[in-house]
Amino acid sequence: MRAARHGGTLGARIDLNPGADMRDTQLFQLALGINSPWFVAASDFDGEKKRLDIEIDFKTGARFACPDCKAADCPVHDTTKKTWRHLDFFQHQAFLHARTPRITCTRCGVRQVEVPWARPGSGFTLLFEALAMTLVIHMPVAAAARMLGEHDTKLWRVVHHYVEAALAEIDLAALARVCIDETAARRGHNYITLFVDIDARRVVFIAEGRGQQTVAQFADWVDAHNSDASRIKEVCIDMSGAYIAGVAENLTEAEITFDRFHVMKLIGEAVDKVRRAETRSRPELKGSRYLWLKNDANLTAAQKAERGSLAKANLKTGRAWAMRLAFQDIYKEPSREWAGLMFDRWCSWARRSRLEPMKSVAATLMRHEQGILAWFDSRIANGLIEGINSLVQAAKAKARGYRTLRNLKAITYLVAGKLDLKLPT
Ligand SMILES: [Zn+2]
């Protein structure tokens, strides 16, 4: 460490320690955790260029194990010079350099030996990659790349490696209850479907698209990860025909619960259709959409007062709104039986309402009655879906400029998958 010696701090401290005869190369060797036959041959610190270069080598005549058959003591065939970016040394970028050997194995022929400080093919040391992964869990990849002074495509390569390695090891043996939901990947054009373990509260699979085939892909994924699709007993989905058919075909043991959030959203949309049609004859309804869709807790006192006076005005919208409130109350019933009774009553009320959107939503709900009432047994909460969706939105922000669905999927797994990344420490 020629340049640093001029400053003298490191050298001076070592000299003060009686009996110590440790050279800076040995110090780096300890710090890097490098073992025989590898050793630190030299180091060069350039204060002006703000970089530290550490030269690593192996002992003359060293023999290495074959990476394929593990046969020991294979002689070196030839070497190639390689460089890896390592953790910064204070504010200075640090690089390791080494000639990496290819050995001759009597059984396998000429093989490239892996070095203990880096993955094959990576231009970063394992510790640098661990730092990069820690950063991208907490900040957008582009920001992490800027901070590390690397191009983000290089960081994405690291992200994909660790996410894919963790996914290959994912164990789904305990998976029994699953939420399935779609989310827009980019400006509503692409969709991904998330499969969420309700009990572990984590994303266990992400499929591209939102069709029936996404459930088939999920079933294959479960089969391939220490489980069996028949172990899935509960599924929470919206009333999309694609998911219903996908579950019926691929998750044959699962009982479907239709998500409360989606059920109420459908009814809310019907209320708004009634309002929009009525606005033509009752202009006071203009701009009141929000008042009929939100619960009291989410309205200001003024909004509540406005809706109160509109609700007394004998409007069709007021009737539809009362139906929405009544349906919401069904979820407060103490049992599936009571809820079933109220559900039937509600549907006949809606069907006789002479409000086309309410009649139509009642027909939809009746076709899905079992799955709606299944909530009273499964109690699968809608909050989880919203929570997961907000994680996906956060992932989208982290993957800003993610360019590909593959990048968005990787970050989603990273922030919502509770993966065991097995990062080197
Ligand atoms: Zn071999």
Side-chain angles (χ1 to χ4, degrees), residues 177-184 194 196 198 210 234-244 255-278 285 288-299 303-304 307 310-311 315-336 338-351 353 355-390 392-393:
R177 306 197 303 155
V178 183
C179 266
I180 306 175
D181 198 18
E182 68 183 41
T183 188
L194 302 173
V196 177
I198 291 169
R210 53 174 170 173
E234 298 275 0
V235 168
C236 184
I237 54 176
D238 63 21
M239 286 180 272
S240 108
Y243 290 149
I244 295 170
E255 182 172 14
I256 292 175
T257 296
F258 292 120
D259 181 63
R260 279 177 68 169
F261 176 80
H262 285 105
V263 170
M264 291 311 303
K265 190 165 161 248
L266 218 59
I267 296 171
E269 283 164 6
V271 172
D272 199 50
K273 276 183 202 156
V274 172
R275 181 193 66 82
R276 269 184 285 144
E278 195 174 24
L285 284 168
S288 69
R289 176 172 183 271
Y290 190 80
L291 300 181
W292 307 104
L293 297 184
K294 296 291 164 182
N295 291 329
D296 281 0
N298 300 318
L299 294 180
Q303 287 171 326
K304 257 187 273 183
R307 192 187 56 200
L310 281 172
L315 295 161
K316 289 175 182 169
T317 308
R319 278 200 287 135
W321 169 69
M323 283 180 205
R324 185 178 81 78
L325 291 188
F327 200 94
Q328 210 163 27
D329 281 343
I330 295 176
Y331 282 108
K332 294 179 191 152
E333 293 298 335
S335 70
R336 187 170 180 156
W338 277 109
L341 213 62
M342 302 310 291
F343 182 93
D344 292 344
R345 240 185 243 182
W346 189 91
C347 288
S348 61
W349 177 23
R351 281 159 66 209
S353 68
L355 303 173
E356 281 311 317
M358 300 314 288
K359 284 163 73 175
S360 151
V361 78
T364 304
L365 298 179
M366 281 163 67
R367 276 200 308 278
H368 298 88
E369 177 173 0
Q370 286 316 308
I372 293 169
L373 296 177
W375 180 83
F376 286 88
D377 297 324
S378 71
R379 300 279 162 169
I380 297 173
N382 63 13
L384 184 63
I385 287 190
E386 289 167 52
I388 293 293
N389 264 332
S390 73
V392 174
Q393 297 317 311

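Worth saying up front: this structure is predicted, and the values here are computed from it rather than measured.
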What class does the angle between the rings of Y331 and F376 fall in, given that below 30° is parallel, 30 to 60° is tilted and above 60° is perpendicular?
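Because their plane-to-plane angle is under 30°, the rings of Y331 and F376 count as parallel.
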Using a strict threshold of under 4.0 Å (side-chain N to carboxylate O), is an ion pair present between E278 and R275?
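Salt bridge flag = no for E278 with R275.
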Run the numbers on E333 and F343 for side-chain contact (heavy atoms from CB on, under 4.5 Å), then give the verdict.
CA-CA 10 Å; E333 293 298 335; F343 182 93; over 6 Å; no
Would you check if [X] and [Y] make a side-chain contact, meaning some heavy-atom pair closer than 4.5 Å?
X	Y	result
S353	M323	yes
L310	L291	yes
F258	L365	no
N298	Q303	no
V274	W321	no

Provide the closest heavy-atom pair for [X] versus [Y] in the form atom of the first, atom of the second, distance.
X	Y	value
S378	R177	O-NH1, 3.5 Å
L373	G340	CD1-CA, 3.7 Å
M264	R324	CE-O, 3.7 Å
W346	I330	CB-CD1, 3.9 Å
M358	A270	SD-CB, 3.7 Å
A326	W349	CB-CZ3, 3.6 Å

Find the distance between [atom1] ([X]) and [atom2] ([Y]) and round it off to the nearest 0.5 Å.
X	Y	atom1	atom2	result
D272	S288	CG	OG	8.0 Å
K265	M239	NZ	CE	10.5 Å
I244	I256	CD1	CD1	6.0 Å
R289	R276	CZ	CZ	7.5 Å
E269	L293	CD	CG	9.0 Å
L285	K316	CG	NZ	11.0 Å

Candidate pair D181 and H262, rule side-chain contact (heavy atoms from CB on, under 4.5 Å), full reasoning:
CA-CA 10 Å; D181 198 18; H262 285 105; 3.7 Å; yes
Crowded around [X] [atom1]? As in, over 12 foreign heavy atoms under 6.0 Å?
X	atom1	value
R345	CZ	no
K304	NZ	yes
R351	CZ	no

From D259, L266, I267, residue fulfilling side chain to side chain contact (heavy atoms under 4.5 Å, CB included) relative to V263
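When D259, L266, I267 are each tested with V263, the side chain to side chain contact (heavy atoms under 4.5 Å, CB included) holds only for I267.
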What verdict does the side-chain contact (heavy atoms from CB on, under 4.5 Å) test give for D344 and E369, after you've listed the backbone C-alpha separation in whole Å, the side-chain angles of each residue and the deciding distance to 0.1 Å?
CA-CA 9 Å; D344 292 344; E369 177 173 0; 3.3 Å; yes
Residues which pass side chain to side chain donor-acceptor pair (under 3.5 Å) with E234, listed by chain and number, not counting sequence neighbours
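E234 satisfies side chain to side chain donor-acceptor pair (under 3.5 Å) with no other residue.
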How far apart are the C-alpha atoms of Q328 and L325, what are their side-chain angles, what is the distance that settles it, and do they pass the side-chain contact (heavy atoms from CB on, under 4.5 Å) test?
CA-CA 5 Å; Q328 210 163 27; L325 291 188; 3.8 Å; yes
